[in-house]
Structures are given as C-alpha cells and as structure tokens.
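Proteins come first, then strands; the chains are lettered A, B, ... in the order of their sequence lines, and each starts at number 1.
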Amino acid sequence: MNCENYQILLSDFVDGTLTADDCARLELHLSSCPDCTDTGNDLRVIVDYCRGQRGQYDAVPNERAMWLRISNLIEAEQGSSNQVQPPAEPGWLFRVMHRSWQVSLPQLASIVGAVVVVVALGTGFGVHELWVKGPVTIVQNAPEVPIRERHRQQEEMIAYWNQRVDLNKARWSQQMRDTFDRNVGVIDAAVDDSMKQLTVNPHDPVSEDILNDALNDKVALLKEFSDY
Amino acid sequence: MKLFASNPSPVKILSAVFSILIVLAAPSFALAQQKVSHRYPAGKNVRFELKNVTGTITVETWDRDEIAVTALMDNRKATINPRITEGGLVIDIVGDNRGLAGNVGDINFKIQLPARSSVDLETRSGQINVHNVQGDLVRAHIWTSGDIQMLGVNASRVFASNVEGNIFFDGEFVAGGTYEFKSGRGTISLQLPASCGFHVVATSSVKRISMGPFWDDRRMKLLSDGRRITGDVGDGRASVTITNYQGDIQFFRR
C-alpha cells in the first residue's frame with residue numbers, strides 16, 4: 001500500500017474506528033513515514049479543536065474576503081496542475097523552465113555559496129547607502145488597507161447581522177426594542193464621530209482605535225441579539 | 001353605626017375605593033413574582049458564571065464554603081437550571097429559556113459566595129453589583145443599558161463594560177494585574193488607594209478625562225488633543241485600560 005492509501009485510513013484512525021489489523025499496519029507505516037505522520041498530526045489537531053469548540057465558532061472577521069482568498073487558491077492550484085503543452089519549437093526559456101535539474105552536493109554547495117556572497121554584497125551596499133544618505137522617509141500613503149475600506153467591510157457584516165436581528169425584533173417587548181435601538185445609536189454615534197475625526201486627521205490613532213472598537217462592539221451586540 | 005361622620009364627598013369615596021383596591025392588589029403583584037433559592041457546596045476558589053437576560057445581579061461574599069443563589073422572577077414560566085461544573089457553578093438564563101422567545105422577563109439575582117471566588121457575570125440589560133470579591137477574575141458585562149458597581153474588589157483581572165450606564169470601581173489593583181473598563185455613554189469612576197501602582201491608557205473621545213490626584217506631568221502624556229492619556233502611576237505594574245466613547249473618566253483617591 002502506498003502513502004495515498006494509508007492517508008485514506010487516517011480519518012478513521014484519529015476517530016478510533018479503524019479495525020485492529022488496519023490500525024497495526026498504519027502504525028507500522030507511520031513509524032517510518034514522516035509525511036504521513038505529519039498529516040495524521042494535523043488531522044488530529046483539527047479534530048481535537050472541533051471537538052473542543054463543540055460546533056461553536058467565532059465568525060470570521062471578513063467572511064467574503066476569506067472565501068475570495070480560498071477561491072483564488074483553488075483556482076491557482078487548478079491552474080498549476082494543468083499539464084503544460086510544449087510549443088512546436090520550444091525556446092530556450094521554455095527548455096530551462098521545464099528541464100529536470102539534478103545537481104551534486106559540491107555543485108549545490110557552490111550555488112549556496114554564490115547566493116550568500118551576492119546577498120552579503122547587496123546588504124553591505126544597502127547599509128552603506130543608508131549610512132551616507134540617511135534613513136528612508138516613509139511615505140504617508142503607503143499601501144495598506146485603508147480605514148474606510150475596513151469600515152466598509154465591517155458594515156457588510158453589520159448589515160448581515162442586522163437582518164438576523166430584524167427577524168426576531170418583532171417578538172421583543174417594546175422596552176427591549178427601545179433599549180436596543182438606543183444602545184445601537186450610542187455605538188453609531190461613536191462610529192460617526194471617529195469617521196469625522198479621521199476625515200480631519202486620517203492617521204489619528206485614537207480615532208482609529210475607537211472606530212475599530214465601536215464597529216466590533218456593534219457586530220458583537222447584533223450577534224448577541226440575533227437569537228433573542 | 002355611621003360609616004361616615006357626615007355625607008362624604010365623591011372625592012373621598014373614590015379615594016377610599018382606590019385605597020382598598022391597592023391594598024387588595026398588592027399581594028397579587030407579590031404572588032406574580034416567583035422566588036427561587038438554592039445553596040450549592042463550593043470550595044474556597046470557586047468560579048461562578050451567570051448569563052442573565054434582564055434584571056439586577058448582586059454578588060456578595062460570605063465566610064461559608066457554599067454558593068447561595070436567590071432569584072426573583074417576573075415570568076413564572078422562566079427556567080433556571082444551574083449546572084455544577086468542575087470549577088464551580090454556571091447559570092445560563094439565555095440558554096435555559098430559548099423557548100420563551102424574548103419573554104423571559106426580569107430575573108433579579110442575589111448571589112452569595114466565598115470571597116476568593118472568580119465571578120463572570122453578563123446580562124443583556126440591568127444592573128450588576130459586585131461586593132468584596134477577591135478571586136482571580138471579576139467580569140461584569142452589560143450588553144446594553146445598566147450600571148456596574150464594584151465595591152471592595154481586589155482581583156488580578158477585572159473587566160467591566162456596558163454601552164449605556166455608569167461604571168464605578170472601588171478597589172485595588174494587584175501588581176501584574178489587568179483591568180479594563182469600557183462604556184459607550186456613561187461615567188467611568190475609579191476610586192483607588194493612594195498606594196496604587198499602574199500603567200494607564202485612558203481614552204475618551206469627548207476629552208473628559210480627569211486623573212485627579214493621580215495626574216503626574218512627568219510620567220503622563222496627552223495624545224490626540226487630550227482624547228487619550230497614557231502614563232504610569234507608582235510602580236506602574238498593573239495594566240489599566242479605560243475606554244469611553246461619549247462619557248467621562250474620573251479617578252478618585254480613596
């Protein structure tokens with residue numbers, strides 16, 4: 001049996017439902033195969049975590065973005081697994097990229113040595129430049145997720161939980177409805193205030209902190225009341 | 001025998017009738033509420049968790065190795081199902097009453113437990129009072145409106161948060177402890193002994209932070225136009241974070 005066949009048995013092995021014979025064979029294989037051992041360990045960690053959480057998990061901060069990333073990864077993997085068709089007259093770049101390389105230990109050591117020398121020279125040159133010219137000025141508009149974009153992403157999540165709350169709201173007492181609306185208003189006011197401050201001073205850390213806090217508070221409040 | 005000395009006026013008659021009705025109605029109001037009391041054996045370092053829906057929670061300490069739970073319920077259909085766990089006692093009113101669909105009503109709790117207990121209290125609205133608890137953790141969280149009062153609290157981890165309502169803490173900060181207070185719109189007041197040492201990050205977006213006698217020009221600084229104060233008091237070994245969206249933050253010396 002090869003690794004693929006043994007890995008099929010891992011799930012039952014972790015659950016403890018494997019037959020004694022299969023269990024013995026798998027354990028023998030695991031004792032000599034680090035890859036399958038790692039896979040088994042990973043699976044066990046995941047299963048233990050799921051059991052520990054008992055099916056209750058915190059919502060992902062940005063569900064849509066996460067699914068997008070997963071979908072991109074799957075597409076990328078699918079793309080890479082597709083067989084590359086060689087052109088009729090392959091150029092030198094194609095031949096280099098699709099050639100199977102085999103190097104001896106001395107050759108490998110020479111390559112590593114060359115890389116170390118190049119990196120050392122590059123670093124030395126960089127440090128010298130820094131010493132002569134002074135530190136690099138950080139551009140204010142460095143690429144990062146802008147606060148307004150984060151705000152927009154969280155607003156999407158808030159809209160989702162708001163819908164869940166609205167489904168139940170009719171069953172609440174008038175007093176609870178008033179209390180809830182008033183408290184959401186308090187949090188909304190904090191969000192609005194922070195956004196105004198950030199319009200005046202886009203890099204004010206206090207306003208950013210309050211905005212993040214307030215948005216997280218609102219999501220948590222909506223989640224709490226979504227099943228009330 | 002005459003019931004009235006003279007001809008009574010209509011106002012007097014109405015007053016008498018209302019008085020009688022109020023006297024008759026009072027017991028029925030009392031009967032509408034249900035009182036539940038129970039005691040549970042506990043060690044000295046017990047952990048008590050309570051998740052209420054609405055109502056007041058009062059936690060006090062005593063010198064017995066047991067937890068006494070007294071609950072006064074508005075809705076007689078509401079269920080209280082305390083669970084004894086390895087570490088202590090858990091009461092989850094939200095989970096126990098999912099079938100009532102938002103009509104659990106007020107449940108007012110009075111809890112008595114050993115002083116070294118940890119308490120984790122939560123309610124959707126209502127007041128939380130914690131007196132003299134000295135365990136590892138004291139957490140009081142009100143999802144919406146309600147005041148939090150912590151008196152004589154001496155725990156290494158304290159968390160108090162609400163959206164609308166005041167937070168009052170009178171206690172001590174343990175060296176190395178963590179203390180977080182957060183409100184949306186209410187006054188956060190901390191009353192501490194002069195010997196208290198802590199590092200503070202206090203944030204109020206309306207710039208109303210008063211460090212009182214704990215202010216120190218050399219060791220504290222104002223940030224963002226005075227909307228945040230950071231710095232050390234004494235040895236600075238406890239970590240204190242206070243956030244208030246639209247309310248005041250005040251420090252007092254005990």
Excluding sequence neighbours, so at least two apart, what forms side-chain contact (heavy atoms from CB on, under 4.5 Å) with A/Asp188?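 A/Asp188: side-chain contact (heavy atoms from CB on, under 4.5 Å) contacts with A/Val184, A/Lys218.
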Report the residues that fulfil side-chain contact (heavy atoms from CB on, under 4.5 Å) with B/His199, sequence neighbours left out, ordered by chain and then residue number.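 With sequence neighbours excluded, B/His199 shows a side-chain contact (heavy atoms from CB on, under 4.5 Å) to B/Val201, B/Asp232, given in chain and number order.
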Is any side-chain heavy atom of [Y] closer than 4.5 Å to one of [X]?
X: B/Arg228; Y: A/Asp209; result: yes
X: B/Ser205; Y: A/Gln197; result: no
X: B/Arg227; Y: A/Asp204; result: yes

Proximal component of B/Ser161, with respect to chain A [non-hydrogen, under 4.5 Å]: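 For B/Ser161, no heavy atom lies under 4.5 Å from chain A.
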Pick one of side chain, backbone, both or neither for B/Ser145, based on which atoms fall under 4.5 Å of a heavy atom in chain A.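 It is both, since atoms from each part get that close.
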CD1-OG1 distance between A/Ile187 and B/Thr144, expressed to the nearest 0.5 angstrom: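 Output value for this atom pair is 9.5 Å.
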Looking at CG of B/Asp106 and CD of A/Gln175, how far apart are the two atoms once the value is rounded to the nearest 0.5 Å?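 B/Asp106 atom CG to A/Gln175 atom CD measures 7.0 Å (nearest 0.5 Å).
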Non-hydrogen atoms of chain B under 4.5 Å away: do they reach the side chain of A/Ser194, the backbone, both or neither?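 No part of A/Ser194 comes within 4.5 Å of chain B.
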Do you know which two heavy atoms are closest between A/Val206 and B/Ser224, and how far apart they sit?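 Taking every non-hydrogen atom into account, CG2-OG, 3.2 Å.
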If you look at every heavy atom in A/Ala190 and B/Gln246, which pair is closest and at what distance?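 Closest heavy-atom pair between A/Ala190 and B/Gln246: N-NE2, 3.7 Å.
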Taking side-chain contact (heavy atoms from CB on, under 4.5 Å) as the criterion, tell me which of A/Asn183, A/Leu221, A/Asp217, A/Thr179 meets it with B/Trp143.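 Per the side-chain contact (heavy atoms from CB on, under 4.5 Å) rule, the option paired with B/Trp143 is A/Leu221, out of A/Asn183, A/Leu221, A/Asp217, A/Thr179.
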Pick one: which of A/Val191, A/Asp193, A/Asp213 meets side-chain contact (heavy atoms from CB on, under 4.5 Å) with B/Tyr245?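 Answer to the side-chain contact (heavy atoms from CB on, under 4.5 Å) test with B/Tyr245 among A/Val191, A/Asp193, A/Asp213: A/Asp213.
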By number, which residues in residues 79-90 of chain B have some heavy atom less than 4.5 Å away from chain A?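 The list, in residue order, is empty: none.
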What parts of residues 10-19 of chain A touch chain B if we use heavy atoms and a cut-off under 4.5 Å?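 Hits under 4.5 Å: none found.
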Could you check whether atom CZ of B/Arg219 has more than 12 heavy atoms from other residues, nucleotides or ligands sitting under 6.0 Å from it?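 Correct, the count exceeds 12.
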Would you indicate whether B/Lys51, at its atom NZ, is surrounded by more than 12 heavy atoms from other residues, nucleotides or ligands within a distance under 6.0 Å?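 Yes, the 6.0 Å shell around NZ holds more than 12 heavy atoms from other groups.
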Are the side chain of B/Arg124 and the backbone N or O of A/Glu224 linked by a donor-acceptor pair below 3.5 Å?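 Yes: the side chain of B/Arg124 pairs with the backbone of A/Glu224.
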